[in-house]
**Q** 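Please read through the structure below; I'll follow up with questions.
Both ligands and their constituent atoms are indexed starting at 1 by order of listing.
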Amino acid sequence: MSETLIEVKNLSKHFKISRKLVLKAVDHVSFEIKRGETFGLVGESGCGKTTCGRTLINLYSATDGQVLYNGQDISHLPKGKVLDYKQRIQMIFQDPYSSLNPRMTISEIIAQGLNIHFKMSKREQEEKVNALMADVGLTASFGNRFAHELSGGQRQRVGIARALAVEPEFIVCDEPISALDVSIQAQIINLLIKLQKERKLTYLFISHDLSMVKHISDRVGVMYLGHMVEIATSLNLFDEPLHPYTQMLLSAIPEAEPDPAKRRKSVKIEGEVPSPITPPPGCKFSSRCVYVKDQCKLEVPTLKEIRPDHFVACHFPRVCEEVSSC
Ligand SMILES: Nc1ncnc2c1ncn2[C@@H]1O[C@H](COP(=O)(O)OP(=O)(O)OP(=O)(O)O)[C@@H](O)[C@H]1O
Ligand SMILES: [Mg+2]
């Protein structure tokens, strides 16, 4: 589990809003994703999770930085390797309805990638599509239907089958359950976990549902205003968050069975997320952080490993239990 599959180095994606304004949706972000793991990416709406996921798989071209996939820079692949790379990576989208072509049958949608990446007879293709539908819990009778005839959960199963068709090794799951009924969410998550085990898949799991991220992820990255502010194993991040922003996010999760011994101090932070077009200088979180000091307003903190496998970008990181004495 320790082999690196993807190395993101100083990745930036800036959008030019007007002649003078630039929105830094992702700004100098670095992290790695290990083969076979689920790396969760969390943060409030607009912090750059989707942009990061899309830039990471070259759907958006990076403004700066590099993404190494199996050690190879994806923005400088030799011509012969581009199709091979596209086969290895897939994306599952938030809204399974708008991502499925309404004029194609479910079979045709799932078979699209097969036509591009594999040479198969019509019969082989039909068998493969049926096997994929069975893998995601759909009977063969769904093959002739259209997306509008399916429920949200069934559509997401089609989205997953379509992604699996090309036998990828890495899948970006961008809020794959947030458009679904709560009763269906667990089914789709369990399906993703089952498929990961069976097919040794690596996931980037983007979500603002922290409980779900905790459940599914091996390691988690926390983004704020285009910056990665903390990376740790799921266990460490949820037990001992070190960045005040992560502490704020976690204190907002309702606990089903609160353990008084482990109860975190509630970290209330005033204010709204600043505009990404005019972020504060220094630490991007400084305008909302109750522990802010002068240095925070001037210097951008870099991500440092301050405990084994626990990285934080904060000038004054602290564990939550200590917070009450501050
Ligand atoms: N194509 C684009 N052009 C201009 N700005 C964009 C574009 N895509 C995203 N942005 C901006 O970049 C920032 C990050 O957006 P992004 O969609 O990556 O955030 P997110 O974390 O995925 O949010 P959400 O949780 O709402 O999905 C936002 O301020 C957004 O408005
Ligand atoms: Mg998003």
Side-chain angles (χ1 to χ4, degrees), residues 6 8 10-31 33 38-65 67 75 89-99 152 156 159 163 170-180 182 185 188-189 192 203-214 216-217 219-231 237 243 245-246 248-250 252-253 269 271-280 284-285 287-288 300 303 313:
I6 296 172
V8 178
N10 263 319
L11 190 70
S12 296
K13 177 65 189 174
H14 299 173
F15 295 109
K16 204 164 179 195
I17 303 295
S18 67
R19 218 151 50 90
K20 284 191 181 155
L21 296 177
V22 171
L23 188 152
K24 297 180 178 178
V26 173
D27 205 25
H28 296 288
V29 160
S30 299
F31 60 103
I33 302 177
T38 296
F39 187 91
L41 198 53
V42 300
E44 287 164 294
S45 184
C47 68
K49 303 180 296 295
T50 295
T51 306
C52 183
R54 287 177 171 239
T55 313
L56 194 148
I57 60 174
N58 222 7
L59 275 181
Y60 290 156
S61 55
T63 308
D64 199 5
V67 178
S75 55
I89 50 135
Q90 288 293 305
M91 188 149 182
I92 297 170
F93 299 90
Q94 171 175 6
D95 181 355
Y97 193 55
S98 64
S99 66
Q156 194 54 296
F170 174 59
I171 302 182
V172 175
C173 308
D174 189 0
E175 306 269 8
I177 55 163
S178 55
L180 304 177
V182 176
Q185 291 184 346
I188 297 296
I189 289 295
L192 288 171
Y203 289 148
L204 174 67
F205 188 86
I206 298 173
S207 179
H208 43 244
D209 182 341
L210 290 159
S211 313
M212 202 51 86
V213 168
K214 180 180 180 182
I216 196 172
S217 309
R219 290 186 309 128
V220 178
V222 182
M223 286 188 76
Y224 184 78
L225 268 185
H227 287 243
M228 191 69 86
V229 298
E230 187 160 4
I231 301 174
L237 190 94
H243 197 286
Y245 176 61
T246 314
M248 179 196 85
L249 282 183
L250 297 192
I253 313 181
I269 291 160
E272 302 275 307
V273 184
S275 159
I277 300 169
T278 50
K284 303 301 152 215
F285 190 57
S287 60
R288 297 170 78 196
V300 180
L303 200 65

**Q** Indicate the ring-plane relationship of Phe31 and Phe39, choosing parallel, tilted or perpendicular according to the 30° and 60° boundaries.
**A**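 If you compare the ring of Phe31 with that of Phe39, the planes turn out parallel.
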**Q** Report yes or no: does a heavy atom of Gly43 sit under 4.0 Å from some atom of ligand 1?
**A**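 Distance cut 4.0 Å: Gly43 fails for ligand 1.
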**Q** Under 2.8 Å from the Mg ion (ligand 2), is there any N, O or S atom belonging to Thr50?
**A** yes
**Q** Any side-chain to backbone donor/acceptor pair from Gln185 onto Leu180? Under 3.5 Å, distance only.
**A** yes
**Q** What is the closest protein heavy atom to atom 16 (P) of ligand 1, and at what distance does it sit?
**A** Thr51 OG1, 3.6 Å
**Q** Tell me, do Lys13 and Ser61 make a side-chain contact under 4.5 Å, heavy atoms counted?
**A** yes
**Q** Evaluate Gly48 for polar contact with ligand 1, using N/O atom pairs at a separation under 3.5 Å.
**A**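 There is such a contact, yes.
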**Q** In the protein, what heavy atom is nearest to atom 25 (O) of ligand 1, and what distance, to one decimal place, separates them?
**A** Lys49 NZ, 2.8 Å
**Q** Please tell me if the side chains of Ile177 and Gln156 come closer than 4.5 Å, counting only heavy atoms from C-beta onward.
**A**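 No, side chains not in contact.
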**Q** Taking only heavy atoms of His208, which atoms of ligand 1 are found under 4.0 Å from at least one of them?
**A** 25 (O)
**Q** Can you check whether a protein heavy atom sits less than 4.0 angstrom from atom 30 (C) of ligand 1?
**A**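 Given the 4.0 Å cut-off, atom 30 (C) of ligand 1 does not count as touching protein heavy atoms.
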**Q** Considering Ser45, Ser207, Gly46, which one's heavy-atom position lies nearest to atom 13 (C) of ligand 1?
**A**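 Selected option, by shortest heavy-atom distance: Gly46.
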**Q** Which one of Tyr224, Tyr60, Phe15 has a non-hydrogen atom at the shortest distance from atom 9 (C) of ligand 1?
**A** Phe15
**Q** Among protein heavy atoms, which lies nearest atom 17 (O) of ligand 1, and at what distance?
**A** Thr50 CB, 3.9 Å
**Q** Do Val300 and His227 have side chains that approach each other closer than 4.5 Å (heavy atoms only, starting at C-beta)?
**A** yes
**Q** For ligand 1, indicate whether the residue Leu23 contacts it via side chain, backbone, both or neither (heavy-atom separation under 4.0 Å).
**A** side chain
**Q** For Phe15 and Tyr60, I'd like to know if the aromatic rings sit close, meaning centre-to-centre distance below 6.0 Å.
**A**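 Yes, the ring centres sit under 6.0 Å apart.
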**Q** Counting distance only, does the side-chain N/O of Lys49 pair as donor-acceptor with the main-chain N or O of Met223 below 3.5 Å?
**A** no
**Q** Do any N/O atoms on Pro276 end up under 3.5 angstrom from N/O atoms on ligand 1?
**A** no
**Q** Can you see which heavy atom on Ile206 is nearest to which on Gly53, and at what distance?
**A**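 Where Ile206 meets Gly53 most closely, the heavy atoms are CD1-CA, 4.2 Å.
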